[in-house]
*Asks:* 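Sharing a structure here in structure tokens format.
All values derive from a computational prediction rather than experimental measurement. Labels below follow one simple rule: chain letters A, B, ... track the order of the sequence lines, proteins then strands, and each chain is numbered from 1.
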Amino acid sequence: MLRVRFAPSPTGTLHVGNALSAVANRTFGDWLLLRIDDTDPARNVDGGEAAILADLAWLGVEWDDGPVRQSDRAARYLEAAEAARLDQRFDGVMLWRDDGSPTFHLASVVDDHDFGITHVIRGSDHRANEELHAALHRALGFDPPEVVHHGLVVGADGKKLSKRAEGATVASLRDAGYPAEAVRAYLLELGLPRHDVHLDLERVRSLSVDALDALTDDELAERAGVPVEAAPLLRGAHDLVEARGLAAAVLDPPSNSLLQARSSETLERFVELRTPLPDVLDKDAAKSVLRELKAVGGDLRGLREALTGRDRGPELWAVLRALPRDEAIRRARLT
RNA sequence: GGCCCAUUCGUCUAGUGGCCUAGGACACCGCCCUCUCACGGCGGCGGCACGGGUUCGAAUCCCGUAUGGGCCUCCA
């Protein structure tokens, strides 16, 4: 039984590097503790913990115990130090501040013991603490856990990723329209990198295409916030923001820059074909309308322009399916 | 400066002494599909940081150099 923990500081939305830790712990651990490392009041951010919980929920990372706040356990840390007759300073670091508040080192080691953590999986920025923490475990009379460090997620330029950088936080990836499945798949793919890795948004984007592709029309439409008959418009989109744009470009009445009288024969024939059909077409019906127009050498491009006001966009059958009969006919007659 | 960690195509990786003329994925380029843009399919380009060892044989083991990173804070 691998007992692991994910222990962020409550400083707001998760950095992708933290999210990597969270996903890695969840993947390798059988039992996961969510611990909030808030021993430094100066660093805590209002709503920080809530933002982290929301990010984890979105990513689908579930925990078995917690959230446990270290600020609630200060007395326990001091008691453990006292029981082992430790001084305020241990091997060069402070175990508690002059005001009596325990620091990260003490709190972390006592918690890892108290919660039976067998494996610590954390970012390589903690590597230098490994020896110190092992020594502290022993000084407190505890067995040190196994420790594994993973590389950090850095910018494409190899430099540290600031929280403001594109895609640097879980929130920014969510806002960019990447589905949670894609972000999680990306982090899973990175696994436990031995060295720092460059954030690869192209890869996230590609995984996003796969994730959206795997959704049913109902799911896809729901996430994009469009009617289900508009779902086919969204196929091929790289992310949900793009998907919404694709749908809007068809559903919103076209501005008339491209709406000039042309190929009126095709449009007339389209109106004829469309009029007797149901308000909403299914895929086969939409395709068969197009087949008929094609058979007589109709100008499909002109039809697209009449219906959407654009010369490019989703497949025409999807456009026909997304537009109710009256709206489609209205647009075809505008020209 | 000291201690520690890492180093395979542009990026993420497979690879743990012979199966490696180094495999895959993303990106890029080309072709196909097609009413367009995407998506998708097929193909192409492209790499073991460098130098010494060890060995019949090294991407794989050892040493050195270089490069990148972490820590050296009453931040975690």
Side-chain angles (χ1 to χ4, degrees), chain A residues 7-11 15 18 20-21 35-44 70 88-108 122-133 148-160 182 185-210 212-213 232-239 242-243 245-246 249-250 258 263 266 287 290-291 293-294 297-308 310-320:
Chain A
S9 292
T11 55
H15 187 276
N18 282 123
L20 172 78
S21 257
R35 193 176 82 204
I36 305 298
D37 282 12
D38 58 352
T39 50
D40 182 12
R43 280 193 38 161
N44 297 346
Q70 291 193 320
Q88 182 182 13
R89 188 169 279 273
F90 177 86
D91 201 13
V93 304
M94 301 287 277
L95 296 186
W96 59 88
R97 302 179 182 86
D98 288 339
D99 66 7
S101 61
T103 65
F104 155 74
H105 302 292
L106 211 216
S108 181
R122 57 171 30 159
S124 61
D125 50 333
H126 284 286
R127 180 148 7 226
N129 291 144
E130 183 173 357
E131 218 177 313
L132 169 72
H133 288 190
V148 178
H149 291 105
H150 64 252
L152 274 14
V153 178
V154 299
D157 58 1
K159 301 285 181 220
K160 195 168 175 179
Y186 175 65
L187 297 174
L188 228 33
E189 197 171 79
L190 291 179
L192 291 174
R194 290 204 302 257
H195 49 81
D196 291 354
V197 296
H198 297 185
L199 175 64
D200 187 352
L201 287 174
E202 296 288 358
R203 181 66 187 143
V204 176
R205 197 172 160 77
S206 171
L207 289 166
S208 174
V209 171
D210 294 343
L212 294 177
D213 194 49
L233 297 174
L234 278 30
R235 296 296 174 185
H238 299 84
D239 57 68
E242 183 186 348
L246 244 26
V250 172
L258 280 171
S263 58
T266 299
K287 281 193 162 179
L290 291 173
R291 221 172 7 249
L293 289 175
K294 248 180 176 171
D299 174 12
L300 294 183
R301 189 136 189 189
L303 177 62
R304 165 184 297 286
E305 290 173 5
L307 293 177
T308 68
R310 295 163 200 257
D311 60 358
R312 52 195 302 193
E315 294 178 277
L316 257 183
W317 72 262
V319 173
L320 296 191

*Asks:* CD of E131(A): more than 12 outside heavy atoms within 6.0 angstrom?
*Replies:* no
*Asks:* Which is more 5' along RNA chain B, the nucleotide nearest L316(A) or the one nearest K160(A)? Just name the residue.
*Replies:* L316(A)
*Asks:* Whole-Å distance between C26(B) P and E189(A) CD?
*Replies:* 10 Å
*Asks:* If you compare every side-chain N and O of R310(A) against the phosphate oxygens of C37(B) (OP1, OP2), does one of them come in below 4.0 Å?
*Replies:* no
*Asks:* Rounded to whole Å, how long is the line connecting atom CG of L132(A) with atom P of A76(B)?
*Replies:* 13 Å
*Asks:* Indicate yes or no: does D239(A) engage R205(A) in a salt bridge with an N to O separation below 4.0 Å.
*Replies:* yes
*Asks:* State whether R35(A) and D37(A) are salt-bridged, where the test is any N-O pair (Lys NZ or Arg NE/NH1/NH2 against Asp/Glu carboxylate O) under 4.0 Å.
*Replies:* yes
*Asks:* Could you walk me through whether R89(A) and W96(A) satisfy the side-chain contact (heavy atoms from CB on, under 4.5 Å) test, starting with their C-alpha distance in whole Å, then the side-chain angles of each, then the deciding distance to 0.1 Å, before giving a yes or no?
*Replies:* CA-CA 8 Å; R89(A) 188 169 279 273; W96(A) 59 88; over 6 Å; no
*Asks:* Which part of the nucleic acid, if any, lies within reach of R127(A) when heavy atoms closer than 4.0 Å are counted: base, sugar-phosphate only, or nothing?
*Replies:* sugar-phosphate
*Asks:* Just to be sure I understand the rule, does E131(A) reach a base, reach only the sugar-phosphate, or reach nothing, if contact means heavy atoms closer than 4.0 Å?
*Replies:* nothing
*Asks:* What is the distance, rounded to the nearest whole Å, between atom NE2 of H198(A) and atom C1' of G10(B)?
*Replies:* 10 Å
*Asks:* Report the distance from atom CG of D125(A) to atom P of C75(B), rounded to the nearest whole Å.
*Replies:* 16 Å
*Asks:* Select base, sugar-phosphate, or nothing to describe what T103(A) touches, counting heavy atoms under 4.0 Å on all strands.
*Replies:* nothing
*Asks:* Mark yes or no for a side-chain to base donor-acceptor pair under 3.5 Å between N129(A) and A76(B), with no hydrogen or angle criteria applied.
*Replies:* yes
*Asks:* Base, sugar-phosphate, or nothing for P8(A), non-hydrogen atoms under 4.0 angstrom?
*Replies:* nothing
*Asks:* Is there, by distance only and without an angle test, a donor paired with an acceptor across the side chain of R43(A) and the base of C75(B) below 3.5 Å?
*Replies:* yes
*Asks:* Output yes when at least one side-chain N/O atom of S124(A) is less than 4.0 Å from OP1 or OP2 of A6(B), else no.
*Replies:* no
*Asks:* G1(B) pairs with which nucleotide, Watson-Crick or G-U wobble, both distances below 3.5 Å?
*Replies:* C72(B)
*Asks:* Considering only the C1' atoms, how many Å lie between C3(B) and C28(B), rounded to the nearest integer?
*Replies:* 42 Å
*Asks:* In whole Å, measure the gap between the P atoms of U65(B) and G2(B) for me.
*Replies:* 11 Å
*Asks:* At under 4.0 Å between heavy atoms, what does D40(A) touch on the DNA or RNA strands: base, sugar-phosphate, or nothing?
*Replies:* sugar-phosphate
*Asks:* For the ring pair H149(A) and H126(A), is the centre-to-centre distance below 6.0 Å?
*Replies:* no
*Asks:* How close or far is atom P of C5(B) from atom CZ of R194(A), stated in whole angstroms?
*Replies:* 13 Å
*Asks:* Reckon L246(A) touches a base, only the sugar-phosphate, or nothing at all at heavy-atom distances under 4.0 Å?
*Replies:* nothing
*Asks:* For D98(A) and U73(B), what is the distance between atoms CG and P respectively, to the nearest whole Å?
*Replies:* 16 Å
*Asks:* Write down the distance separating the P atoms in C61(B) and U16(B), rounded off to the nearest Å.
*Replies:* 10 Å
*Asks:* Provide the distance between the two C1' atoms, one in U7(B) and one in G64(B), to the nearest whole Å.
*Replies:* 15 Å
*Asks:* Would you mind pulling out the nucleotide paired to C37(B), Watson-Crick or G-U wobble, both distances under 3.5 Å?
*Replies:* none
*Asks:* For A22(B) and C9(B), measure between their C1' atoms and round to the nearest Å.
*Replies:* 10 Å
*Asks:* Does the pair H150(A) and S21(A) meet the rule for a side chain to side chain donor-acceptor pair (under 3.5 Å), with working shown?
*Replies:* CA-CA 8 Å; H150(A) 64 252; S21(A) 257; 3.2 Å; yes
*Asks:* Considering only the P atoms, how many Å lie between A59(B) and G1(B), rounded to the nearest integer?
*Replies:* 33 Å
*Asks:* So does R203(A) reach the base of C12(B) with its side chain, donor to acceptor, closer than 3.5 Å?
*Replies:* no
*Asks:* When all nucleic acid strands are considered with a 4.0 Å heavy-atom cut-off, which category describes S108(A): base, sugar-phosphate, or nothing?
*Replies:* nothing
*Asks:* Check whether any side-chain N or O of H195(A) sits under 4.0 Å from OP1 or OP2 of U13(B), and answer yes or no.
*Replies:* yes
*Asks:* More 5' along RNA chain B: R304(A) or A7(A), using each one's nearest nucleotide?
*Replies:* R304(A)
*Asks:* Who is the Watson-Crick or G-U wobble partner of U65(B), with both distances under 3.5 Å?
*Replies:* A49(B)
*Asks:* Does C39(B) have its OP1 or OP2 closer than 4.0 Å to a side-chain nitrogen or oxygen of H238(A)?
*Replies:* yes
*Asks:* For C42(B), what is the paired nucleotide under Watson-Crick or G-U wobble rules, both distances under 3.5 Å?
*Replies:* G30(B)
*Asks:* For R203(A), is there an ion pair with E189(A) - N to carboxylate O distance below 4.0 angstrom?
*Replies:* yes
*Asks:* Sticking with atom P, work out how far G10(B) lies from C48(B), rounded to a whole angstrom.
*Replies:* 9 Å
*Asks:* Quantified in whole Å, what is the C1' atom distance between nucleotide U8(B) and nucleotide G70(B)?
*Replies:* 23 Å
*Asks:* Mind checking if H126(A) touches a base, just sugar-phosphate, or nothing, with heavy atoms under 4.0 Å?
*Replies:* base
